Colleague: 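Okay, handing you the structure first.
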Protein chains: 4
Amino acid sequence: MAASKKRGRPAGSDDRREDILEGALRCFVDRGFHGTAIPQIAQRAGVAAGTIYHYFPSKEALVNALYRKWKSDVAQRVFMAFPQGASAREQFRVLWNEMVAFAAAHPDAFAFIELHNHSSYLDAESAAIDRNLKDFAAAMVMRAQEEGLLKPMSPVLLMELVFGAFNGMMRASWEKRIELAPEMVAAAEQACWDTVAHHGRP
Amino acid sequence: MAASKKRGRPAGSDDRREDILEGALRCFVDRGFHGTAIPQIAQRAGVAAGTIYHYFPSKEALVNALYRKWKSDVAQRVFMAFPQGASAREQFRVLWNEMVAFAAAHPDAFAFIELHNHSSYLDAESAAIDRNLKDFAAAMVMRAQEEGLLKPMSPVLLMELVFGAFNGMMRASWEKRIELAPEMVAAAEQACWDTVAHHGRP
Amino acid sequence: MAASKKRGRPAGSDDRREDILEGALRCFVDRGFHGTAIPQIAQRAGVAAGTIYHYFPSKEALVNALYRKWKSDVAQRVFMAFPQGASAREQFRVLWNEMVAFAAAHPDAFAFIELHNHSSYLDAESAAIDRNLKDFAAAMVMRAQEEGLLKPMSPVLLMELVFGAFNGMMRASWEKRIELAPEMVAAAEQACWDTVAHHGRP
Amino acid sequence: MAASKKRGRPAGSDDRREDILEGALRCFVDRGFHGTAIPQIAQRAGVAAGTIYHYFPSKEALVNALYRKWKSDVAQRVFMAFPQGASAREQFRVLWNEMVAFAAAHPDAFAFIELHNHSSYLDAESAAIDRNLKDFAAAMVMRAQEEGLLKPMSPVLLMELVFGAFNGMMRASWEKRIELAPEMVAAAEQACWDTVAHHGRP
DNA sequence: AATGAATGAGGCTTCATTCAT
DNA sequence: GATGAATGAAGCCTCATTCAT
C-alpha cells in the first residue's frame with residue numbers, strides 16, 4: 001500500500017533527516033561551512049534548530065554525513081556504470097557522461113563535494129571515500145597505459161588533468177559563463193580524451 | 001594600564017601591512033575566510049589584533065586587498081610574459097610556464113586565488129581583475145581558432161578545460177599526491193596542448 | 001518544579017522581556033546609553049547576554065523599545081486623566097498631579113525619559129511619541145490663552161517653563177536635595193500655575 | 001610687543017590646551033562622554049590623539065577640567081554681577097539676564113554643564129563648584145523669603161523650579177523649538193518671578 | 001613638545017549547542 | 001520525537017592609552 005506516512009506531519013517531505021541534509025547542502029554551497037549557521041540550515045530544512053541535533057550530533061558530523069552521502073553516490077554511479085570489457089576509449093566516454101549526468105542532476109551536490117574536498121572538518125572516513133574513487137581511476141589509467149593507449153606519463157597527473165578539466169567545465173557552467181549543450185559536452189569529452197590519448201603513432 | 005613591555009616593534013619585517021597580508025594569506029588558505037579569526041591572522045603576522053584595523057577597515061577589506069594583490073600579480077605576469085608575435089604553440093607554452101613559475105614561487109597565493117574565486121565576500125573591483133584575465137585568455141583562444149590551430153568549439157569552454165586541468169595539477173601537487181618535476185610539467189603542458197589543438201584528424 | 005541549575009529559568013519574574021527592559025532601565029539611568037554594557041544589563045536582568053538578542057535585535061532597538069514603552073505610558077496617563085470639561089485651573093492641577101504620581105511610582109522611568117530625550121540613538125518613531133505629547137500640551141495652553149486665563153506669550157515657551165520647573169523639582173527629589181511631601185507638591189503646583197496664569201495686573 | 005607667539009605653529013589658535021577643551025566640548029555635547037572617542041576630540045581640536053595626553057592625564061581628567069572651567073565661569077559671572085544692595089526683584093532680573101547672556105554666548109558650554117551635572121565621571125571637586133552656586137542661590141532665596149517677598153515654601157524647591165524653568169527655556173531654544181527674542185526672555189523672566197513671588201497680598 | 005602607530009582589553013553581536021516543555 | 005528559548009564562548013571591531021620617533 002502507498003500510505004506509508006505517519007500521522008500529522010503537515011507538509012513537505014516525510015523524512016526530516018533528508019530535509020536537513022538538503023538544507024545543509026544549499027547553505028554550505030552558498031556560504032561555506034564556517035559561513036553557515038545551524039539556524040540557517042534549520043530554516044531551509046523547515047525544522048527547528050534543535051531538531052538537527054536529533055539526527056546529527058554536531059555541525060561537523062552533519063557536514064561529514066553530507067559529504068559521505070554524495071561522494072558515495074558518485075562512487076557508486078561510477079562503479080556501476082563502468083563497462084568492464086569495453087575499450088579504454090569507450091570506458092572514458094561512459095565515465096565522462098556518467099559524471100556529467102550526475103553533475104547536471106545534482107549541481108549543488110557536485111559543487112559541494114568539489115569545494116569541500118580536503119577541508120579540515122572532514123574526517124578520515126570521508127577522506128577514504130575520495131581516496132577509493134581516485135585509486136579506481138588511477139588503476140584504470142594504468143591499465144590503459146599498459147596497452148599503450150594513453151600517454152606514458154604519471155597516471156595520477158593524467159587523471160588530475162582530466163578531472164581538473166571536468167571541474168573547470170562544470171564550474172564555468174555553474175557560474176553561467178557557458179551553457180552546457182550536449183554537443184559541447186561531447187566536444188569537451190573528445191578534447192579531454194586528446195589530453196590523455198597517446199597520439200604519437202599513426 | 002599594564003606593563004610597558006611591548007611598544008617597540010618586536011622583530012621581523014619592517015612593513016606591517018605586508019606582514020598582515022602574509023599572515024592572512026596563510027590563514028585563509030588553511031582555514032578559509034569564515035574559518036579564520038582576526039586574532040589568528042594577527043598572531044601569524046606578529047602584530048596585535050587591533051593593529052590590523054590600522055591597515056584595513058574590515059576583515060572583508062583585508063581579503064579583497066589580498067585577492068587583488070595576488071590576482072593583479074598573476075595578471076601582470078601573464079601580460080608581461082605574453083609573446084606577442086610568436087606562434088600559438090609557443091604562446092601557450094610560455095603562458096603555461098609562467099603560471100607554473102608563479103604557482104611554484106607562491107603556492108599559498110595560487111591556492112588562495114583559486115579557492116576564493118567568486119566568493120560572496122569579494123567585491124566588484126576584485127571580480128573585475130579576474131574578468132580581465134579571462135577575457136584576455138579567451139581572446140587569445142579565438143585568434144588561434146581563426147587560424148585553424150585550435151579545435152572549433154566554444155572558446156570559453158576550451159579555456160576552462162585547460163585552466164581546470166592546470167588547477168588540477170597544481171592542487172594535486174599542493175596536496176602532495178604528485179611531485180612536480182620539470183619533465184612532468186612539460187608533459188602536462190603537451191597534454192593540455194593536445195586538449196585544445198586541432199589535429200585535423202579525418 | 002525541578003531545581004536543575006542552568007537551563008530552566010532560574011528564578012524571578014516570568015517574563016524575560018520585561019526583566020530585560022527593567023534591567024536596561026536601571027543601567028541606562030545610572031550610566032547612560034554608551035556607558036552601559038550589554039552584559040551589565042544582562043546581569044541586572046538575570047539573563048545571559050545572548051538572551052537579550054532573542055528579544056531585541058540590537059542595543060539601539062532596546063533603548064528605543066524602552067523609551068517608547070515609558071513615554072507611551074506617560075502619554076496614555078495624561079490623555080486618560082485629562083478632564084475635558086473642567087476649568088483650565090483644574091486641568092492644570094490634574095495633569096500636574098498625574099505627572100507627579102507617575103514620577104513617584106516610576107522614578108527610574110521618569111529620569112530615563114527625561115535624560116534620553118532627543119538623543120541621537122532614538123529613532124523617528126520614538127521622537128514622534130514625544131512630539132504628540134508636546135503638541136497636546138501646547139494646544140491646551142493655547143485654548144486657555146484664548147480665554148485670557150494664561151499669559152499672552154509664546155505658548156511653547158510657557159509650556160517649556162512649566163515642564164522645566166517640574167523636571168527641576170523631580171531632579172532635586174531624585175538627587176535627594178529635597179523630600180517630596182504632598183504639601184510641597186501642592187505648593188509647587190500653585191507656584192507653577194502662577195508662572196503661567198494671567199493675573200491681570202495693571 | 002605684540003608678537004608673543006612661538007615659532008612654527010601653522011594656523012588656528014595658539015593654545016593647544018584650549019583647542020582640546022573646545023573640541024572636547026563640542027564632542028561631549030553631541031555624543032556624550034562615553035559616546036565620544038579621544039581621536040574624535042583630537043580631530044576636532046586639530047591635534048594628534050597623543051597630544052591630548054600631554055595636557056590631560058586621562059579622558060576623565062579632561063571632562064572634569066572642562067566641567068570645572070565652564071561651571072566656574074558661570075559661578076564667577078553670577079557672583080560678579082550680583083547687585084548686593086538692590087531689591088530682590090532687581091537681583092532676580094540681573095541674575096536671570098546674566099544667565100541668558102552666558103547661555104547665548106556659550107550655548108555648547110551651557111548644554112554641557114547641564115547634561116553632565118552629577119555624572120559618575122565627575123569628581124568631588126567638580127561637584128563642589130556646583131554646590132557652591134546652588135548654596136548661593138538658596139541663600140538669596142531665603143533672604144528674600146524673610147522679607148516676605150517670596151512664597152513661604154522650601155527655598156531649595158523654589159530655586160529648583162526657577163532653574164528648571166530656565167533650563168526648559170534654554171533647551172527648547174537649543175532644540176530650535178523656540179527662537180529666543182529679547183521680549184520673550186523678558187516675558188519668561190517675569191513669569192518666573194511670578195513663580196516665586198508672594199502675591200498673596202495686594 | 002608633538003605625533004600617530006601599536007596595543008590589548010573590552011564592547012556589541014553571533015552561533016553551536018542544550019534542555020524544559 | 002520536535003521545538004525554540006536560553007546559554008556563554010568566541011568573533012569582529014573600537015578605543016583609551018603608551019611610546020619610539
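Per chain, numbering begins at 1; letters A, B, ... match sequence-line order. Computed from heavy atoms alone, side chains included, the values below leave out hydrogens, waters and symmetry copies. On a predicted model such as this, the values are computed, not experimentally measured, just so you know.
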Colleague: Using whole Å, report how far CD of Glu60(A) lies from P of dC15(E).
Modeller: 17 Å

Colleague: Over how many whole Å does the gap from Gln43(C) atom CD to dT7(F) atom P extend?
Modeller: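 It works out to 13 Å between those atoms.
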
Colleague: Quick one: Asp19(D) CG to dA1(E) P, roughly how many Å, whole number?
Modeller: 16 Å

Colleague: In the strands shown, is dG8(E) matched to any nucleotide by a Watson-Crick or G-U wobble pair with both distances under 3.5 Å, and which?
Modeller: dC15(F)

Colleague: 5'-most contact on DNA chain E: Ala48(B) or Gln40(C), nearest heavy atom basis?
Modeller: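 Nearest nucleotide further toward 5': that of Ala48(B).
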
Colleague: In this structure, how many angstroms lie between the P atom of dG10(E) and the CZ atom of Arg31(C), rounded?
Modeller: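 Checked: the CZ to P distance equals 13 Å.
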
Colleague: Tell me the interatomic distance from Lys59(C), atom NZ, to dC13(F), atom C1', rounded to whole angstroms.
Modeller: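 Value for this atom pair: 14 Å.
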
Colleague: Any strand is fair game: report the nucleotide pairing with dT21(E) by Watson-Crick or G-U wobble, both distances under 3.5 Å, or none.
Modeller: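 dA2(F) is the nucleotide pairing with dT21(E).
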
Colleague: May I have the distance from Phe56(D) (atom CZ) to dA2(E) (atom P), rounded to whole angstrom?
Modeller: 12 Å

Colleague: For Arg44(B), does the CZ atom sit with more than 12 other heavy atoms under 6.0 Å from it, leaving out its own atoms?
Modeller: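 Above 12, so yes.
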
Colleague: Which comes earlier along DNA chain E counting from the 5' end, the contact point of Tyr53(C) or that of Ala49(B), where each point is its nearest nucleotide?
Modeller: Ala49(B)

Colleague: What are the two closest heavy atoms between Arg17(C) and Phe56(C), and how far apart are they?
Modeller: NH2-CE2, 3.3 Å

Colleague: Think Arg16(D) has a side-chain N or O under 4.0 angstrom from the OP1 or OP2 of dA2(E)?
Modeller: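 True: Arg16(D) side-chain N/O within range (under 4.0 Å) of dA2(E) OP1/OP2.
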
Colleague: Mind running side-chain contact (heavy atoms from CB on, under 4.5 Å) on Val29(D) and Arg26(D) for me, showing each step along the way?
Modeller: CA-CA 5 Å; Val29(D) 165; Arg26(D) 316 248 316 230; 6.0 Å; no

Colleague: Return yes if the base of dA1(E) and the side-chain atoms of His54(D) contain a donor-acceptor N/O pair under 3.5 Å, otherwise no.
Modeller: no

Colleague: If you count the non-hydrogen atoms of other residues, nucleotides and ligands that lie under 6.0 Å from CD in Gln43(B), is the total more than 12?
Modeller: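 No, because the 6.0 Å sphere around CD of Gln43(B) holds 12 heavy atoms or fewer from other groups.
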
Colleague: Can you confirm whether Arg68(C) is buried at CZ, in the sense that more than 12 heavy atoms of other residues, nucleotides or ligands lie under 6.0 Å from that atom?
Modeller: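 For Arg68(C), atom CZ is crowded (more than 12 foreign heavy atoms under 6.0 Å).
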
Colleague: Could you say whether Ile52(A) or Ser58(D) is positioned toward the 5' end of DNA chain F, judged by the nucleotide with the nearest heavy atom to each?
Modeller: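 Nearest nucleotide further toward 5': that of Ile52(A).
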
Colleague: Are OP1 or OP2 of dA2(E) and a side-chain N or O of Tyr55(D) less than 4.0 angstrom apart?
Modeller: yes

Colleague: Can you check the Ile38(C) CD1 to dC13(F) C1' distance for me, whole Å?
Modeller: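 Nearest whole value for this atom pair: 16 Å.
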
Colleague: Does dT3(F) have its OP1 or OP2 closer than 4.0 Å to a side-chain nitrogen or oxygen of Thr51(A)?
Modeller: yes

Colleague: I need the CD1-P distance between Ile20(A) and dA16(E), as an integer number of Å.
Modeller: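 One finds 14 Å between P of dA16(E) and CD1 of Ile20(A), rounded.
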
